[in-house]
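Numbers restart at 1 for each chain; the letters A, B, ... are given by sequence-line order, proteins then strands.
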Amino acid sequence: MPELPEVETVVRQLRQPCVGQRIADVTLRWPRHIATLSPRQFKSRIRDQKIQSLHRRGKYLVFSLTNDFLLIHLKMSGDLQVLPKATPRGKHAHTIFHFANDQELRFSDTRKFGRVYLVADPEEVTGPLGPEPLARNFTAGKLFNILTARHRPLKPLLLDQTVIAGVGNIYADESLNRARLHPQKRSDSLTRAEARTLWRSLRHTLNLAIRHNGSSIDTLYRGGEHQNYFRAYDREGEPCYNCGAPIQRIVLGGRSTHFCSDCQTL
DNA sequence: TAAAATGTTGGGTA
DNA sequence: ATACCCAACATTTT
């Protein structure tokens with residue numbers, strides 16, 4: 001369930017049932033989920049810590065605990081749900097946090113790419129991340145500076161988490177279509193006006209997707225409905241909403257890329 | 001069957 | 001230092 005709007009949706013759904021809960025124990029059915037510490041150390045160190053708050057940084061969920069920070073990255077297929085302990089567990093619920101009440105937090109992850117971190121300082125994990133695109137201080141001018149500081153095609157640049165945090169394959173394509181910018185256009189070729197257009201498109205796209213509770217695709221259906229509003233992603237051959245020309249699909253940096261070759265200009 | 005799927009990272013090469 | 005490509009991670013679905 002990964003990109004910024006989906007992670008934000010999960011955070012909002014988990015906050016109420018998680019904050020204030022004490023973690024009584026953890027079950028590790030796929031120990032490689034744990035990215036820091038040995039499974040044994042992880043279990044003993046997290047036990048009896050309380051969840052004090054929960055927020056999102058890029059695509060990471062950041063749980064503030066009594067003494068440490070618990071970070072979870074869902075990668076391609078991860079999902080988190082708080083459910084009564086009596087609810088039957090799915091086949092892919094690999095890591096389970098048992099609360100002191102009658103509920104538990106389940107990290108389900110079909111492809112097992114997801115990772116769990118327990119650290120004293122969240123910066124140990126999120127340190128390399130670029131700015132939050134929805135932050136108040138992320139201005140069009142800041143984006144212009146970021147773009148012109150490198151010489152890279154826009155699409156791979158938007159996917160680079162150290163440049164901007166949280167944008168993934170869907171929302172990169174969506175933002176570029178809305179901004180009418182070609183995914184291979186060089187980042188340092190944008191005018192200030194074009195950078196401002198991309199800034200507005202990116203923020204609009206992400207905010208709209210959050211309003212729709214994210215996108216539900218590829219077997220992960222959790223109530224999100226933004227997949228019904230895609231303008232480019234997964235719309236190969238269908239008409240561009242800007243100009244009517246068919247959406248093209250190419251592969252860039254190993255990732256499928258959808259765009260309109262008529263109105264998204266280089 | 002081969003290919004692709006909301007992601008990241010490490011290695012090798014320009 | 002910067003940019004770029006590919007394989008790897010593991011599983012399911014089309």
Please confirm whether the shortest side-chain N or O distance from A:K75 to OP1 or OP2 of B:dA5 is below 4.0 Å. no
Measure from CD on A:Q227 to P on B:dA5 and round the result to the nearest Å. 17 Å
Taking only side-chain nitrogens and oxygens of A:S256, does any of them come within less than 4.0 Å of OP1 or OP2 of B:dA5? yes
Please report, rounded to the nearest Å, how far the C1' atom of B:dT8 is from the CG atom of A:L159. 11 Å
Separation of C:dT13 atom P from A:D234 atom CG, nearest Å, is 17 Å
State whether A:H92 places a side-chain N or O below 4.0 Å from either non-bridging phosphate oxygen (OP1 or OP2) of C:dT11. no
Of the options B:dA5, C:dT12, B:dT8, whose atoms approach the side-chain atoms of A:T110 most closely? C:dT12
So what does A:G168 touch, heavy atoms closer than 4.0 Å: a base, only the sugar-phosphate, or nothing? sugar-phosphate
Using ring-ring contact (aromatic ring centres under 6.0 Å, His included) as the criterion, point out the one residue from A:H92, A:H94, A:H33 that pairs with A:F107. A:H33
Cation-pi between A:R47 and A:F42: NZ/CZ under 6.0 Å from ring centre and within 45° of the ring axis? no
Give me the distance, rounded to whole Å, that separates C:dA10 from B:dG10 when you measure between the P atoms they each carry. 16 Å
Nearest of B:dT8, C:dA10, C:dA3 to any side-chain atom of A:H151? C:dA3
Using the side chain to side chain contact (heavy atoms under 4.5 Å, CB included) rule, take A:L190 and A:L181 through it: C-alpha gap first, then chi angles, then the decisive distance, then the call. CA-CA 9 Å; A:L190 267 68; A:L181 291 167; 4.0 Å; yes
Can you check whether A:K91 has a side-chain N or O nearer than 4.0 Å to OP1 or OP2 of C:dT12? yes
With the stacking rule set at 5.5 Å and 30°, tell me whether A:F113 counts as stacking on B:dT8. no
Which comes earlier along DNA chain C counting from the 5' end, the contact point of A:G254 or that of A:A149, where each point is its nearest nucleotide? A:A149
Pairwise 5' ranking along DNA chain B for A:Y117 and A:R111, keeping only the more 5' one: A:R111
Can you check the distance between C:dA1 and B:dT8, where both ends of the measurement are the P atom (answer in whole Å)? 24 Å
Does A:K155 come within less than 4.0 Å of A:D173, counting only side-chain N to carboxylate O? yes
Looking at A:R32, does any N or O in its side chain come under 4.0 Å of the phosphate oxygens OP1/OP2 on C:dA10? yes
Quick check: do A:L158 and A:V163 have side-chain heavy atoms less than 4.5 Å from each other? no
Does a side-chain N or O of A:R249 approach OP1 or OP2 of B:dA3 to a distance below 4.0 Å, or not? no
Could you check whether A:P153 gets within reach of a base, just the sugar-phosphate, or nothing at all, counting any heavy atom under 4.0 Å? sugar-phosphate
How would you label the contact of A:R152 with the nucleic acid (heavy atoms, under 4.0 Å): base, sugar-phosphate, or nothing? sugar-phosphate
A:K112 side-chain N/O to C:dT11 phosphate OP1/OP2 under 4.0 Å: yes
For A:H94 and C:dA10, is the shortest distance between a side-chain N/O and OP1 or OP2 below 4.0 Å? no
Spacing of A:D79 atom CG relative to C:dT12 atom P, expressed in whole Å: 16 Å
Do other residues, nucleotides or ligands put more than 12 heavy atoms under 6.0 Å from the NZ atom of A:K43? yes
